[in-house]
Amino acid sequence: MLFLSCYNEAMVSNTHPLLRSLNAQQCEAVTVSDGPVLVLAGPGSGKTRVLTHRIAWMLTEQQVPPWRVLAVTFTNKAAREMRERIDGMLDSAGGRDILIGTFHAMCARILRREADWIGLPKDYLIFDTDDQLAVMKMVVKELGLDDKRYRPRGLLNAISAAKNELILPPDYPVRTYHDEVVARAYARYQATLRNNNALDFDDLLVEPVRLFRSQPEVLAKYRDRFRYLLVDEFQDTNIAQYVLLRLLSQDHRSLFVVADEDQSIYSWRGADYRNIQRLHTDYPELVEILLVENYRSTQVILDAARALISHNVDRTPKDLFTRKQGGAPPTVREAYDEEEEGSLIAREVQSLRGTRYGYGDIAVMYRTNAQSRALEEAFIRQGIPYRLIGATRFYSRKEIKDVLAFLRLVQNPEDSVSFQRVVNVPARGIGARTLAKIAAQAERDGKGHYQACLVLLAQGGLGSRTSNAVQGFVDLVQMWRPYQSEATVMQLLDRILSDTDYESYVKDGTPEGDSRWENVMALRAVVEEAPLLSLADFLTEVALVADIDEIEDQVEAVTLLTLHSAKGLEYPVVFIAGLEEGMLPHSRAIEESPQAVAEERRLLYVGMTRAMERLYLSYAFRRNWYGNNEPATHSRFLDDLPDDVVGGRRSRRQVQTTHQNWGVPAWPTGQSVGGRPERQQIQRKFQRGQRVRHRRFGEGAVQDSQIEGNDEIVTVLFFDNRVGVKHFLAGAAPLESVSEH
DNA sequence: AAGGATTGCTTTTTT
DNA sequence: AGCAATCCTT
């Protein structure tokens, strides 16, 4: 891919302050016409930045009203950041009127308004994975299936895959008896969801498609409303999301998507990077722009990542480059087991900490959540502050789910899943037998479990003790429901907590008990922060947040996270642990298919390209696997890294050496990359008028220098007319000062 | 009905 | 090894 001429780069950058921090390619991407645009870009190429500038550009240059813009991001966090940046760029709060969010959040909103067009309740609940499992278990029981042969989880996976491809129960392809059972379970599952007034995550995407396909006037309304569609991380869209985009953009064809095939890591949940090809077919007039400059990583890190990914077939080769020449080479290190791996990393973190890196600059990544334990233990031993992303997600903790279940019951008594969850919380003498009676009654009437209780109580079909217990629970809900209309969510929550004496239920004198109560209080704080939210909106919001959304940026702690959650983030220092066969690539992937292994490779690629300055890879010689300690082999991916880039490499013989070296901090220190100043205070090294020399471009004069983020952006006009104006990051030390005389 | 012991099974990855 | 579902005892 060729650059535009430097002349253009200078022109565009000088004409529009909005575009000043962009290079020529990015400017082009931002300013191309209104029609469909695909920006294909490598990691660290400023994809999201281009998207952000594009929005700001439309709002100012094209006078697009903010409310006509729909921007879809991958996480709520990305959405929040984008909105803030737009506000900053426009010097106003215009970002507030733009609809920016995830597909799921956007769909939840649309359904909240339009549900009755397709016979759905507007006050629907969103069922998460646990709820889905509970529903499926009920279904399996009702259909009298053998839960060994038809595992609820497996059925859910099949159903989810079908939904992602917009296949409804009647259309489920039946080729074997097993398929036939899945189809029946699917139909029954769907019916149960509807009886519960609930949608699952996949329904959130499927139902809007159904809405738009069946109600042209509704579609027309949203098409008009969202005249400009922008999508980040397009390679991770599934069929349903793609169809949604196509429906919305069919007329105006103003679609601007940003993608990187090499970062496609969600095929297991239906993402289909072939959507990029579909785009070319469905939009022949599509303008494609390739961004290949990387602003994040040093040359050596980028080289390693490129070498790794180049082994994948079926991709657009990208000639990625960075102006941050040189740098400390990535290193590979073998540890004896995961415990040693942990302390090795912890020790290196400690020594990095003395230099210009703070804890907050460092991230440790791994394939599976289970791997975090060994790392945590090492960090605790060495007193290193860390924060763990993801492991037990806040909203799936028992105590939180219990409290939410109470709230959901108030919102919607038909919700049998929540009913079963809390009918005996705290224990009030309603056990399995009683629950079975209630379930049977519910099935007879085709109503929810709560309704069934009312019926049973009226009929007096229960023993006096159970009857009292059930009555007690029903009374609670009956008290809370009318209270809801006059009270805020916060007041309702407090009432529930005190009526159930939840505090003493949860606190059992152990430290865990205290922490459970702290979690409940944390939930209360969440409610407190959004005092105006209705109960329905609050529950929706809670269902759609990801742990990654909660990351605050200026925390002085090392971040521990899975490679999947690392997408879209960057850190000066990155450790990737557990590079063993079976771990990364994961054994499941190896068994499954070469394509699955290719995805594992992309996953590592994503991780490696998160690193700005330093990258450490490690693996263990033995690893605990299902309880026993098994020897491991280093990941095949390590063999694909260039030898000259990666120092100190494994071999069977070195294993012994390493074992003897136990306790010696053996990470190579490496040369620092340019003069990246201390975190708290970034000083400018260049000023206007200063004379500088660049290795390739010769001498020139500094036009401008600005601090952006953690680095200094220097604009230089070179004396060689063919070179013209260029921008540099001082952190990569591309320029040296020349004294004039 | 509740709590404790036993068994058997599991691990990708997440909106 | 850890956890959930199941069994067993009170």
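Every value quoted in this text rests on a predicted model; they were computed, and no experiment measured them. Lettering of chains follows the sequences in order, A, B, ..., and the numbering in each one begins at 1.
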**Q** Among residues two or more places apart or on two chains, list those pairs meeting side chain to side chain donor-acceptor pair (under 3.5 Å) that have a residue in residues 424-436 of chain A.
**A** none
**Q** With heavy atoms under 4.0 Å as the rule, sort A:Arg602 into base, sugar-phosphate or nothing.
**A** nothing
**Q** Can you tell which of A:Glu341, A:Glu581, A:Glu630 makes a salt bridge (charged side-chain N to carboxylate O under 4.0 Å, His left out) with A:Arg623?
**A** A:Glu341
**Q** Can you check nucleotides 1-5 of chain B for protein contacts, nitrogen or oxygen pairs under 3.5 Å, and list what you find?
**A**
unit_1, atom_1, unit_2, atom_2, d
B:dA1, OP1, A:Gly431, N, 3.4
B:dA1, OP1, A:Thr434, OG1, 2.8
B:dA2, OP1, A:Gly429, N, 3.3
B:dA2, OP2, A:Asn424, ND2, 3.4

**Q** Under 4.0 Å between a side-chain N or O of A:Thr75 and OP1 or OP2 of B:dT15?
**A** no
**Q** By centroid distance (under 5.5 Å) and plane angle (under 30°), are A:Phe103 and B:dT15 in a stacked arrangement?
**A** no
**Q** Go through the structure and list residues passing side chain to side chain contact (heavy atoms under 4.5 Å, CB included) with A:Arg112, not counting sequence neighbours.
**A** A:Tyr124, A:Ala536, A:Asp537, A:Thr540
**Q** B:dT13, B:dT11, B:dT15: which one has an atom nearest the side-chain heavy atoms of A:Thr102?
**A** B:dT15
**Q** Under 3.5 Å between N/O atoms: give me all the protein pairs with nucleotides 1-7 of chain C, atom names plus distance.
**A**
unit_1, atom_1, unit_2, atom_2, d
C:dA5, OP1, A:Lys137, NZ, 2.7

**Q** Name all residues meeting the ring pair (Phe, Tyr, Trp, His ring centres under 6.0 Å) criterion together with A:Tyr186; count only those two or more places apart in sequence or in a different chain, and write none if there are none.
**A** none
**Q** Does the side chain of A:Ser565 get closer than 4.0 angstrom to OP1 or OP2 of B:dT14 through an N or O atom?
**A** yes
**Q** Check ring pair (Phe, Tyr, Trp, His ring centres under 6.0 Å) between A:Phe538 and all other residues, then give those that pass, not counting sequence neighbours.
**A** none
**Q** Do any N or O atoms from the side chain of A:Asn76 and from the backbone of A:Leu544 form a donor-acceptor pair under 3.5 angstrom?
**A** yes
